Amino acid sequence: MKTIAIIFSHSPYGNILGQDGLDCALSLTSCTKKIEIFFIGDGVFQILKYKNPKYIKIFDYTKKFKMLKILGVKKFYCDQISLQSRGLFNIYNFSFTVKILETDILFKKLSNFDHILNF
């Protein structure tokens, strides 16, 4: 069975890439359980707990990330440098549990996947 890595590298606002990536991940769970999710760059903003998008009149799709766990996706990773450069040090600000990896380890892990999708 093929392994799939889904990378979220864009912020949740100003574009639809994050929502498209989440919809793609949710759809792929019906085909395979070998999916792992990565948050790098501005994608780390996808997992912040305390957001209030109603003030900018958009739907908060990020709450659906928890559905991935229910559907069998168990591994979520976040880039340590991306978090530090954005001042996000407190892991209690995340919506769900993610494993924080150093950048070189994260990219080494990505090299083992059959398919990589970036959103």
Side-chain angles (χ1 to χ4, degrees):
M1 189 174 287
K2 300 286 184 177
T3 56
I4 301 171
I6 299 178
I7 301 172
F8 290 88
S9 60
H10 292 85
S11 74
Y13 309 117
N15 60 59
I16 61 167
L17 291 171
Q19 186 170 0
D20 285 348
L22 181 55
D23 290 342
C24 177
L26 290 167
S27 298
L28 287 171
T29 59
S30 65
C31 303
T32 182
K33 298 299 181 208
K34 295 186 178 191
I35 299 171
E36 296 182 22
I37 309 293
F38 296 81
F39 299 94
I40 62 172
D42 285 341
V44 298
F45 293 118
Q46 301 274 354
I47 58 174
L48 290 181
K49 186 186 303 182
Y50 303 110
K51 297 186 294 284
N52 219 341
K54 69 180 180 181
Y55 293 117
I56 55 175
K57 308 228 186 283
I58 63 170
F59 173 69
D60 186 12
Y61 67 88
T62 59
K63 292 179 180 180
K64 293 193 300 183
F65 273 109
K66 293 177 185 175
M67 289 295 298
L68 289 172
K69 285 190 164 229
I70 295 169
L71 294 172
V73 178
K74 306 243 186 280
K75 297 182 180 177
F76 298 86
Y77 303 101
C78 196
D79 177 38
Q80 182 181 20
I81 299 291
S82 298
L83 290 172
Q84 290 174 343
S85 65
R86 287 156 183 82
L88 302 172
F89 300 106
N90 189 349
I91 61 169
Y92 300 109
N93 289 336
F94 299 152
S95 300
F96 50 90
T97 305
V98 296
K99 184 172 183 178
I100 299 171
L101 298 176
E102 293 179 15
T103 304
D104 57 338
I105 295 170
L106 186 135
F107 285 114
K108 189 180 287 187
K109 189 171 224 10
L110 280 171
S111 68
N112 295 322
F113 285 88
D114 296 317
H115 301 287
I116 299 174
L117 304 172
N118 186 11
F119 294 93

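Computed from a predicted structure; not experimentally measured.
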Within 6.0 angstrom of Ile81 CD1, more than 12 heavy atoms from elsewhere | yes

Could you check if a side-chain atom of Asn112 sits within less than 4.5 angstrom of a side-chain atom of Thr3, using non-hydrogen atoms only?
-> no

pair Leu48-Phe94: side-chain heavy atoms closer than 4.5 Å = yes

Starting at NZ of Lys75, measure out to NZ of Lys34 and round the result to the nearest 0.5 Å.
-> 10.0 Å

Rounded to the nearest 0.5 Å, what separation is found between the CZ atom of Phe76 and the CD1 atom of Ile100?
-> 14.5 Å

When rounded to the nearest 0.5 Å, the distance separating NZ of Lys74 from CG of Leu68 is 11.0 Å

According to the interplanar angle, ranging from 0 to 90°, do the rings of Phe65 and Phe8 count as parallel (below 30°), tilted (30 to 60°) or perpendicular (above 60°)?
-> perpendicular

Partner of Ile37 under side chain to side chain contact (heavy atoms under 4.5 Å, CB included), chosen from Ile6, Ile47, Val98, Leu22 = Ile6

Quick one: sort the Phe113 and Phe38 rings into parallel, tilted or perpendicular, breaks at 30° and 60°.
-> perpendicular

Which atoms form the tightest heavy-atom contact between Ser82 and Gly41, and what is the distance?
-> OG-N, 2.8 Å

What do you reckon, is NZ of Lys33 surrounded by more than 12 foreign heavy atoms closer than 6.0 Å?
-> yes

Is there a donor-acceptor pair closer than 3.5 Å between any side-chain N or O of Ser9 and the backbone N or O of Gly43?
-> no

Rounded to the nearest 0.5 Å, what's the gap from CD1 on Ile7 to CG on Asn118? Could you check?
-> 5.0 Å

Output side-chain donor-acceptor pairs under 3.5 Å for residues 102-111, partner residues at least two apart or in another chain, one line each.
from, atom 1, to, atom 2, distance (Å)
Thr103, OG1, Asp79, OD1, 2.6
Ser111, OG, Lys108, O, 2.6

Value for CD (Gln19) from SG (Cys24), rounded to nearest 0.5 Å, stands at 13.0 Å

What are the two closest heavy atoms between Phe119 and Leu17, and how far apart are they?
-> CB-O, 3.4 Å

Under the side chain to side chain contact (heavy atoms under 4.5 Å, CB included) criterion, do Tyr77 and Ile40 qualify, and how do the steps go?
-> CA-CA 9 Å; Tyr77 303 101; Ile40 62 172; over 6 Å; no

To the nearest 0.5 Å, how far apart are CZ in Phe39 and CG in Leu83?
-> 10.5 Å

Between Asn15 and His10, the two heavy atoms sitting closest are ND2-CB, 4.0 Å

